[in-house]
Amino acid sequence: MTKLVSVLGSTGSIGRQSLMIIKHLGLSVSSLAANRSTELLEEQVREFKPSLVAVFDEKAAADLKIRLRDTSVRIVSGMEGVIEAAADSSGTVITAMSGAAGLRPTMAAIEKGKRIALANKETLVCAGEIVMAAAGTHGAEIVPVDSEHSAIFQCLDGQKDTGFSRIILTASGGPFRGMSREELKNVRKEDALKHPNWSMGPKITIDSATLMNKGLEFIEAMHLFGASPDNIDVLIHPQSIVHSMVEFADGSVLAQCGVPDMKIPIQYALTYPERKPSIVPAPDFTKAPLTFFKPDLETFPCLKIAMESARLGGTAPAVMNAANEEAVRLFLNDKISFYGIYDAVVLALDSIKNKASPTLEDILEADRQARELVRKA
Ligand code: MG
């Protein structure tokens, strides 16, 4: 088991839960990185005593330096600072920053050959081929933190030479499951932010409401497990107890179950291949029946377009992801409607020419173009 951990995105939902698990397991923190929440970062530094802290926002970094002037912690700033924090220790890096901004720090950690507890799905959506190839070259071990992918990873453990016939990715369906297109036209962010099962950050909670999150996870699964889009099915499972399943050639299906709590997959990514006692209880299977059904792609077209962009490949997933990130930001600021998010993604995919076999620079450029387009529109 890893002893030293870097947490990128330490003030977000996954970052805070990661620090709880690090404390529970008695591990040490070597570096932290966050966007700009200096008050919380100060608390985290005083409690976990990392040697290095990166703050993306320059002003916030200056503020943190004042707050922590009585300590010896080294504080760095900007994207270069976050990259330094990612490459800092020889232990595990938890990549829990939100969005495509996690791409360069994740690559920096991979190049150091570390274990990556990957909690930033956008990295694989944008540049899955490049990221997975780099992990192979540098001997970096990627253990997914996303609950569905942790489930698939656990089902495939010990089955590497067997191969699988199908991945069944489960989805809670989000707060709007069962609603019609008409009913969803005028929903507001307050409605979308009320997720029935999972407690998560605002970006992923909106993605769960549009089912874009499942689309991003579809692409994430393709890259992590070398699956073709034809071998991944999405099933709505409102209870969020079965976190995903894998079907094998002999008709056997393995599933991983647990209560919907991110602390379970976070802990597994840190202790793998071992298992340690958890602070979270196991599920009670007598509480509610477990049900499964097909997603409604007409009401939730973001899932459909994500699967289409997965088939297109090239820069299309990066364009889709960037347009979605910008559109979610606009939705959270009450600037566009719920279906405005889908419209923004379609506009970006239609307007920006897809480039096959892109380099990292091509991907970052496609990401930039898509953001600019959505902001202007
Ligand atoms: Mg997930």
Side-chain angles (χ1 to χ4, degrees), residues 9 12-18 21 94-100 102 106 116-126 128 142-156 167-177 192-225 227 232-246 255-270 272 280 283 290 292 295 300 302-303 306-307 310 317 320-321 324-325 328:
S13 176
I14 295 288
R16 282 178 278 132
Q17 295 183 77
S18 296
I21 294 301
I94 302 179
T95 60
M97 52 297 222
S98 173
T106 304
I116 315 292
L118 189 93
N120 174 260
K121 67 191 81 185
E122 291 88 348
T123 296
L124 284 180
V125 170
C126 296
I142 297 183
V143 184
V145 168
D146 209 348
S147 59
E148 295 78 359
H149 304 77
S150 175
I152 298 160
F153 187 87
Q154 293 181 55
C155 293
L156 288 173
I167 285 174
I168 303 161
L169 199 59
T170 56
S172 70
F176 302 144
R177 176 173 45 82
L193 286 171
K194 282 183 207 134
H195 197 282
N197 302 352
W198 294 96
S199 147
M200 305 178 288
K203 197 265 172 178
I204 184 172
T205 305
I206 301 302
D207 284 345
S208 297
T210 59
L211 290 198
M212 178 56 96
N213 183 51
K214 211 49 55 180
L216 300 177
E217 290 181 351
F218 184 95
I219 302 172
E220 184 184 6
M222 281 172 57
H223 293 299
L224 276 173
F225 307 111
I232 307 175
D233 285 350
V234 175
L235 278 188
I236 303 294
H237 168 48
Q239 298 82 21
S240 296
I241 297 292
V242 175
H243 297 306
S244 278
M245 302 183 262
V246 179
Q256 186 265 344
C257 305
V259 295
D261 190 316
M262 288 308 294
K263 289 190 276 304
I264 295 175
I266 291 168
Q267 176 165 317
Y268 187 74
L270 292 174
Y272 169 79
V280 183
L290 302 182
F292 302 89
F300 300 97
C302 281
L303 174 56
M307 295 195 293
M320 173 208 64
N321 176 68
N324 178 62
E325 270 185 41
V328 167

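Ligands are counted one by one from 1 in listed order, and the atoms in each one are counted from 1 as well.
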Roughly how far, to the nearest 0.5 Å, is the SG atom of Cys302 from the CD1 atom of Ile206?
11.5 Å
Taking atom types as modelled, find out whether Thr95 and Asn120 have a side-chain donor-acceptor pair closer than 3.5 angstrom.
no
Closer than 4.0 angstrom, basic N to acidic O: yes or no for Glu148 and Lys121?
no
Counting only protein N, O or S atoms (no waters) closer than 2.8 Å to the Mg ion (ligand 1) gives 3
Would you call the rings of Phe153 and Tyr268 parallel, tilted or perpendicular if under 30° counts as parallel and over 60° as perpendicular?
perpendicular
For Lys263, enumerate each residue passing the side-chain hydrogen bond (donor to acceptor under 3.5 Å, both in side chains) test, keeping only those at least two apart in sequence or located in another chain.
Asp261
Under the criterion side-chain contact (heavy atoms from CB on, under 4.5 Å), I'd like the reasoning laid out for Leu224 against Ile142: C-alpha separation, chi angles, the key distance, then a yes or no.
CA-CA 8 Å; Leu224 276 173; Ile142 297 183; 3.8 Å; yes
